[in-house]
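Throughout, a chain's letter reflects where its sequence line sits, starting with A, and its residues are numbered from 1.
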There are 2 protein chains.
Amino acid sequence: MSETTNRPYHHGDLRHALIDTALAMLAADQNWTFTLREVARRTGVSHAAPYKHFRDKEALLRELARIGFVQLGQSMAQAMSADTFSVREKFVAAAQACIDFAIHNPGLYRLMFSSDADKTIDSQLHDAAMNTFGLLLRLLEEGQRDGSFRPIAMSAQAAASWAQVHGLAMLAINHQLLEEKVGVAPIPAALEVLLDGMCCGVSNQQKP
Amino acid sequence: MSETTNRPYHHGDLRHALIDTALAMLAADQNWTFTLREVARRTGVSHAAPYKHFRDKEALLRELARIGFVQLGQSMAQAMSADTFSVREKFVAAAQACIDFAIHNPGLYRLMFSSDADKTIDSQLHDAAMNTFGLLLRLLEEGQRDGSFRPIAMSAQAAASWAQVHGLAMLAINHQLLEEKVGVAPIPAALEVLLDGMCCGVSNQQKP
DNA sequence: GCTCCATGTTTACAGGAGAAACTTATACAG
DNA sequence: CTGTATAAGTTTCTCCTGTAAACATGGAGC
């Protein structure tokens, strides 16, 4: 049995090489002009070689998106791993980690959330996305259990949190969080507003 | 002086015809496969004709986005025009109008918010977007003046509201508000959570 | 060593963006 | 009313992309 299930013969490991090149291109080019031929060119193979590893361009993009969800999950998990944090602090840390991920990798983030309807068909991609989403759900559970968050329908809090973070991320990477519109530090400020609606008891008012 | 500044000679009004065709294509095709040549074809002119009216494809797209912001502004303004509504009700109505707009015209909505950095260079587009954003600011002002909304930095509430609505819209049109994740009516539920954080006094708890 | 087949390459084709050269018809001057 | 400049539209061309098909190659297993 070979070392990995997908090890090409000639190149050594073209599949992974293509993925690495593509991820690097996504991270470098803000312009989101992603061509399969360019990926092949930079990997040093002919423009038709990728088709031996991915059915079409979309298949590669879906794999990139899947990896993106795994990476995002890792970033968020690490951000909220400190046990000394309160749930509220963990929430802010995870949200900020997600938005930072988007800002540092806008092409990949856009790709992850630009589904073509058939995303649900790719079960691996779907699973990766659900796993990352699960981090949020578990945090909300923890918050409701220890009384930090209000005991309302968790799906409502999940929808609100997710939309808030995703909205901030999308606006940030599209350079639409201009100071003239939303002030100097819109992201922490917006998260505080949301948390005031989710948290119990003392509504942690904005700092002066 | 001619009736309008941009009246073509041969076709009659090719510029507007192209815009109309393009808007119709955006509304019809969920797939977001927008080619200039297809626009020309459906308008009944050669594929090079559009270049007499738009410098390039992006120029047409920017104009479509500008029109989109005007339309969105109209929808939102109409939704919150009823004087009998409370500020909170107006907020929900405007937010729902925005999300409905996105759902009914996902291609156009995506286009409006997929800036290519040079969006700020197009002053007409920028102005249109700022005008629509101004509706939100005025609503927040009204809410703070009459004591409905907490008297915190308005830019924070603006960022939170905008991100929430935009996030819900983006998730909705990408079919990512799956019931398994966020329940059956995630949009009103998420808006209520946010409003609980923005409103003063009685925190309008979730309905049972 | 010989053969098979996964992994490559070359070639080909349809279609898009956009530039350049050419054509047409309208507005306006005289 | 005629001639002409020019806006508006067409044809043609180049370069690019995605993708299919035919061909080449080299390592795996007999």
Regarding B/E141 and B/R138, does a basic nitrogen lie under 4.0 Å from an acidic carboxylate oxygen? no

Regarding the side chain of A/K52, the nearest nucleotide among D/dA22, D/dT11, C/dA21 is D/dA22

Relative to each other, are the rings of B/F149 and B/F91 parallel, tilted or perpendicular (30° and 60° limits)?
-> perpendicular

A/L14 CG to D/dG26 C1', in whole Å, measures 16 Å

*asked:* Less than 3.5 Å apart, any donor N or O on the side chain of B/Q124 or B/E63 sitting next to an acceptor on the other?
replied: no

Whether each nucleotide of nucleotides 13-18 of chain C has a protein heavy atom under 4.0 Å at its base (B), only at its sugar-phosphate (S) or at neither (-) is summarised, 5' to 3', as ---SBB

Atom CZ of B/R15 and atom C1' of D/dG9 are separated, to the nearest Å, by 16 Å

Winner on side-chain proximity to B/H53, out of D/dT10, D/dA8, D/dA20, is D/dA8

Test B/F69 against B/F113 for ring pair (Phe, Tyr, Trp, His ring centres under 6.0 Å), laying out the working first. CA-CA 10 Å; B/F69 275 113; B/F113 286 94; 5.5 Å; yes

Strictly below 4.0 Å, N to O, side chains only: are A/R145 and A/E142 in salt-bridge contact?
no

Less than 4.0 angstrom from a charged side-chain N to a carboxylate O is my criterion; do B/R88 and B/D196 meet it?
yes

